Amino acid sequence: MNKIVITGGLGHIGTSLIPKLLYNKKNKVVVIDNLSTSTINIFFKFLERKYFNRLNFIKIDLSKKFKPDIFKKSNIVIHLSGYTDQEKSFDKSVNIIENNFGSTKNIVLACKKYNIPLIFPSTTSLYTPRKKKDVFLTEESTELFPKTPYAKCKLKEENYIKKKINKFLILRLATVVGYSEGMKFHTVVNKFCLYSKLNKKLPVWSTAYNQVRPYLSIEELVENILFFIKNNSVQIDGRTINLLTENLSTKEIIDKIKKFIPAKIKIINSKSMNKTSFELKKNFYGTNTNKKFTIEKSIKNLIKMLNFI
Ligand SMILES: NC(=O)c1ccc[n+]([C@@H]2O[C@H](COP(=O)([O-])OP(=O)(O)OC[C@H]3O[C@@H](n4cnc5c(N)ncnc54)[C@H](O)[C@@H]3O)[C@@H](O)[C@H]2O)c1
């Protein structure tokens, strides 16, 4: 039996990943969450009943002291826990360090103690470019300029992981798009879909309408994580990679939403704004080069699911 520990498993990404892991009868999944921004919803209760002998939930605040022996004999840790609302992180910079860096430190020490490989989701917000001209970036870019307290903390977490352990895989995730049972709607595309459904105007930053950014479909993300777990000894070897589905402008995103639901915009200002576009080079890992995953498909599925609410 493979023991897979998922921290923050009740959130947006975790609730998409957990059922896929449980389809494989050889996997046992331990979910750790402090329920600070998620709840145990009906969907998770259903999973707990269906997979009662292979799914465990443990409520722990990972930023505080806890007994690391719950990690003992794990095959892998997927560390998804953290405070994740980047826009609101400006008012929470102290909490972010305490909560996110504190948790990552504890997890890294547990992984080190029991020699467990770690998958850590970082963010493509580390690449926020400073110059005015548009730029095209890869993970080899050494010039990292995180702007928000959330992104600055991610860089601190990345550096700590690299200093302390060898068996890790850092995934710099583009903004994740798509439906899951634990989703929060604080990232841009998911929020735009919800607002359109509620007949509310979409708040677009004054600098952002034609700016290009990388986005990642949740379905493609999950497929990649499953691939990395399967190829644990090959892929989890201390590398840092970007994960994205497509680079798109805000205008292109809104046009895709409009294919499925009417959408109107209003222009606003935000502390996270900057004047440059940036695109990331796409590499393929667990998915092949055909157009199996697109942001449009994730938007379509999310809007379809919102119709049930
Ligand atoms: N969703 C995205 O667009 C995106 C993009 C880049 C990176 N990421 C990263 O991926 C990871 C997962 O993202 P998500 O969207 O699923 O997040 P989420 O906010 O939906 O879920 C995070 C979970 O962590 C839990 N948590 C927070 N602090 C905790 C603590 N101290 N102890 C235990 N549990 C705690 C929360 O209760 C929540 O269930 C995060 O690290 C996030 O920064 C996400």
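Remember, it's a predicted structure, so these values are computed and weren't measured experimentally. Atoms within a ligand are numbered from 1 in the order they appear, just like the ligands themselves.
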Show the atom names and distances, to 0.1 Å, of all donor-acceptor pairs under 3.5 Å that link a side chain in residues 17-32 to residues at least two apart or in another chain.
| unit_1 | atom_1 | unit_2 | atom_2 | d |
| --- | --- | --- | --- | --- |
| Asn24 | OD1 | Lys26 | N | 2.9 |
| Asn27 | OD1 | Asn2 | ND2 | 3.0 |
| Asn27 | ND2 | Leu21 | O | 3.0 |

Below 6.0 angstrom between ring centroids: does that apply to Tyr150 and Tyr83? no
Could you list all the ring pair (Phe, Tyr, Trp, His ring centres under 6.0 Å) pairs where at least one residue sits in residues 235-259, not counting sequence neighbours? none
Ring pair (Phe, Tyr, Trp, His ring centres under 6.0 Å) pairs, two or more places apart, involving residues 227-251: Phe228-Tyr285
Compute both the distance and the angle, then confirm whether Lys156 meets the cation-pi test with Phe101: under 6.0 Å from the six-membered ring centre, within 45 degrees of the axis. yes
Tell me whether the guanidinium CZ or amine NZ of Lys200 lies under 6.0 angstrom from the six-membered ring centre of Tyr195 and within 45° of its axis. yes
Sorted by chain and residue number, the residues with a non-hydrogen atom under 4.0 Å of ligand 1 are Gly8, Leu10, Gly11, His12, Ile13, Asp33, Asn34, Leu35, Ser36, Thr37, Ser38, Ile60, Asp61, Leu62, Ser63, Leu80, Ser81, Gly82, Thr84, Asn99, Ser103, Pro121, Ser122, Tyr150, Lys154, Leu173, Ala174, Thr175, Val176, Lys184, Thr187
